[in-house]
Amino acid sequence: PSLVNNICGMVYRAAALVLTISQDNKRFIQAVSQKNISVEVIKQGTDHIFFSPKYFDAQKKQELLSGKEYLLVTTSRISTRKNIEDMIRVVRILKDKQIICRLVINGKVDRGNEAYFVELKTLLHQLDVADQVLFNGFVSDEDMRVIYACSDLFLLTSKYEGFGIANVEALASGTPVVTYDTGAARDFIVDYENGVVTENNPMSMAETVEKIVRDTHLLAHMRTSARACVEKELNWATYAKENNIH
């Protein structure tokens with residue numbers, strides 16, 4: 001990292017302007033450049049026409065729920081950095097609270113993480129939640145937008161994210177995001193509006209999920225706010241207009 005940071009610092013110092021996607025990244029860029037350089041933040045956007053609540057499918061939701069009460073979703077490569085074991089522990093904690101969820105994990109196993117994937121599947125059985133967690137593998141964008149629109153909450157337990165494009169896709173679909181504090185999360189998540197940034201532990205996330213799903217009015221409000229924040233800012237059309245990109 002020290003070698004890479006030195007090279008990055010040289011590039012940053014030579015640049016007239018640096019564009020980045022979060023305030024956390026901006027702080028990093030300014031730190032490694034060791035100079036007061038010009039950095040502008042343009043947050044991660046998405047195609048808010050392609051990802052939309054209109055793709056909700058009641059039949060698909062029942063299929064995904066598989067008899068459970070609430071549908072949780074994440075989109076993530078299967079790798080240790082994504083910290084998926086914590087999400088599985090959240091499902092177990094909720095089960096102890098008599099909240100029976102189905103967690104759908106969309107994403108392929110990263111090369112070199114095959115042993116980690118085996119550990120995750122072993123953990124499912126150890127915690128007695130194997131019937132509540134689905135490793136969905138690769139999912140096309142067309143299928144993903146339906147899954148997002150059908151889900152009650154999107155979860156993220158990564159150790160770090162530059163921003164997390166899946167977060168914004170979920171928000172565009174009207175699905176609130178409950179996430180660990182990944183650095184960039186507070187740039188676009190407003191607690192109990194479009195999501196919640198929790199403490200970085202399974203108990204904190206589980207308690208947050210419990211509070212939301214037990215309050216139907218709160219969940220409905222957060223769904224509306226999730227979509228609204230993307231319509232207002234986090235979409236490519238708005239960024240193109242604001243920055244005169246044609």
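Side chains are part of it too, since the values below use all heavy atoms of this structure and drop only hydrogens, waters and symmetry mates. These figures come from a predicted structure and were not determined experimentally.
The shortest distance between side-chain heavy atoms of H48 and R227 falls below 4.5 Å. Contact of the V197 side chain with the T182 side chain is not registered, since no non-hydrogen atoms from C-beta on lie closer than 4.5 Å. At least one side-chain heavy atom of S33 sits under 4.5 Å from a side-chain heavy atom of R13. Looking at I212 and Y192, their side chains come closer than 4.5 Å, going by heavy atoms from C-beta outward. Here the side chains of K232 and C229 are not in contact, with every heavy-atom distance at 4.5 Å or above.
A salt bridge does not link D152 with R102: none of the charged nitrogens is closer than 4.0 Å to a carboxylate oxygen. Using a 4.0 Å cut-off between charged side-chain N and carboxylate O, D141 and R145 make no salt bridge. Ion pair D110/R81 not flagged as a salt bridge, since none of the NZ, NE, NH1 or NH2 atoms sits closer than 4.0 Å to an Asp/Glu carboxylate oxygen.
With no hydrogens or angles considered, no side-chain donor-acceptor pair links Y180 and N83 at under 3.5 Å. For the 3.5 Å distance criterion, the side chains of E85 and Y116 qualify, holding a donor opposite an acceptor.
In the hydrophobic clustering of ILVMFWY residues, with side-chain heavy atoms under 4.5 Å counting as a link, L94 and M205 come out together. In terms of hydrophobic clustering, with Ile, Leu, Val, Met, Phe, Trp and Tyr side chains grouped at heavy-atom distances under 4.5 Å, F50 and F56 are assigned to different clusters. Taken together through direct or relayed side-chain contacts under 4.5 Å among Ile, Leu, Val, Met, Phe, Trp and Tyr, M144 and V109 form parts of separate hydrophobic clusters. Placement of I21 and I29 in two distinct hydrophobic clusters is found when ILVMFWY residues are connected by side-chain heavy-atom separations under 4.5 Å, directly or transitively. Under the 4.5 Å side-chain heavy-atom criterion for grouping Ile, Leu, Val, Met, Phe, Trp and Tyr, V104 is not connected to V146 through any hydrophobic cluster.
Taking E193 as the reference, V190, H221, S225 meet the side chain to side chain contact (heavy atoms under 4.5 Å, CB included) condition, with sequence neighbours excluded. Listed by chain and number, the residues in a salt bridge (charged side-chain N to carboxylate O under 4.0 Å, His left out) with K211 amount to none (sequence neighbours excluded). For F163, the ring pair (Phe, Tyr, Trp, His ring centres under 6.0 Å) criterion is met by F188, not counting sequence neighbours. The ring pair (Phe, Tyr, Trp, His ring centres under 6.0 Å) test applied to F117 returns F135, not counting sequence neighbours. For K43, the salt bridge (charged side-chain N to carboxylate O under 4.0 Å, His left out) partners are E233, not counting sequence neighbours.
Within a 6.0 Å sphere centred on NZ of K108, other residues, nucleotides and ligands contribute 12 heavy atoms or fewer. More than 12 heavy atoms of other residues, nucleotides or ligands lie within 6.0 Å of CD in E142, so this atom counts as buried by the packing criterion. Counting non-hydrogen atoms of neighbouring residues, nucleotides and ligands closer than 6.0 angstrom, the CG atom of N36 reaches no more than 12 such neighbours. Other residues, nucleotides and ligands place no more than 12 heavy atoms under 6.0 Å from the CD atom of E199.
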- Derivation of the side chain to side chain contact (heavy atoms under 4.5 Å, CB included) call for K241 and W236: CA-CA 9 Å; K241 182 178 180 181; W236 297 131; over 6 Å; no
- Message: Is there a side chain to side chain contact (heavy atoms under 4.5 Å, CB included) between Y160 and D24? Walk through the geometry before answering.
- Response: CA-CA 11 Å; Y160 175 81; D24 191 56; 3.5 Å; yes
- Query: Given V133 and L120, is the side chain to side chain contact (heavy atoms under 4.5 Å, CB included) satisfied, shown in steps?
  - Reply: CA-CA 10 Å; V133 178; L120 291 176; over 6 Å; no
- Test V196 against M222 for side chain to side chain contact (heavy atoms under 4.5 Å, CB included), laying out the working first. CA-CA 10 Å; V196 179; M222 291 177 70; 4.2 Å; yes
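To the nearest 0.5 Å, atom CE of residue M87 and atom SG of residue C101 are 13.0 Å apart. Atom CD in E63 sits 4.0 Å away from atom NZ in K60 (nearest 0.5 Å). Here R186 contributes atom CZ and Q23 contributes atom CD; the two are 14.0 Å apart, rounded to the nearest 0.5 Å. Rounded to the nearest 0.5 Å, atoms CG (L72) and CG (L103) are 6.0 Å apart. A distance of 9.5 Å separates CG of L234 from OG1 of T46, quoted to the nearest 0.5 Å. Expressed to the nearest 0.5 Å, how far CG of L123 lies from CG of D86 amounts to 9.5 Å.
Applying the side-chain hydrogen bond (donor to acceptor under 3.5 Å, both in side chains) test to pairs two or more places apart or on separate chains, those with a residue in residues 162-177 are Y148-E169.
Side-chain N or O atoms of S52 include none that pairs as donor or acceptor with a backbone N or O of I49 at under 3.5 Å. With K68 contributing its side chain and I100 its backbone, the two residues share no donor-acceptor pair below 3.5 Å. Judged by distance alone, the side chain of S204 and the main-chain N or O of N200 form no donor-acceptor pair under 3.5 Å. For the pair T74 (side chain) and L155 (backbone), a donor-acceptor distance under 3.5 Å is present. Not a single donor-acceptor pair under 3.5 Å links the side chain of R89 to the backbone N or O of L127.
Residues I78 and N113 share a closest heavy-atom pair of O-CB, 3.4 Å. Closest of all the heavy-atom pairs between T75 and A166 is CB-CB, 3.9 Å. Closest of all the heavy-atom pairs between P53 and A172 is CD-O, 3.3 Å. Of all heavy-atom pairs between S76 and I84, the closest is OG-CD1, 4.0 Å. Residues N194 and L171 come closest through the heavy atom pair O-CD2, 3.4 Å. Among all heavy-atom pairs drawn from T198 and V178, the shortest one is CG2-CG1, 3.7 Å.
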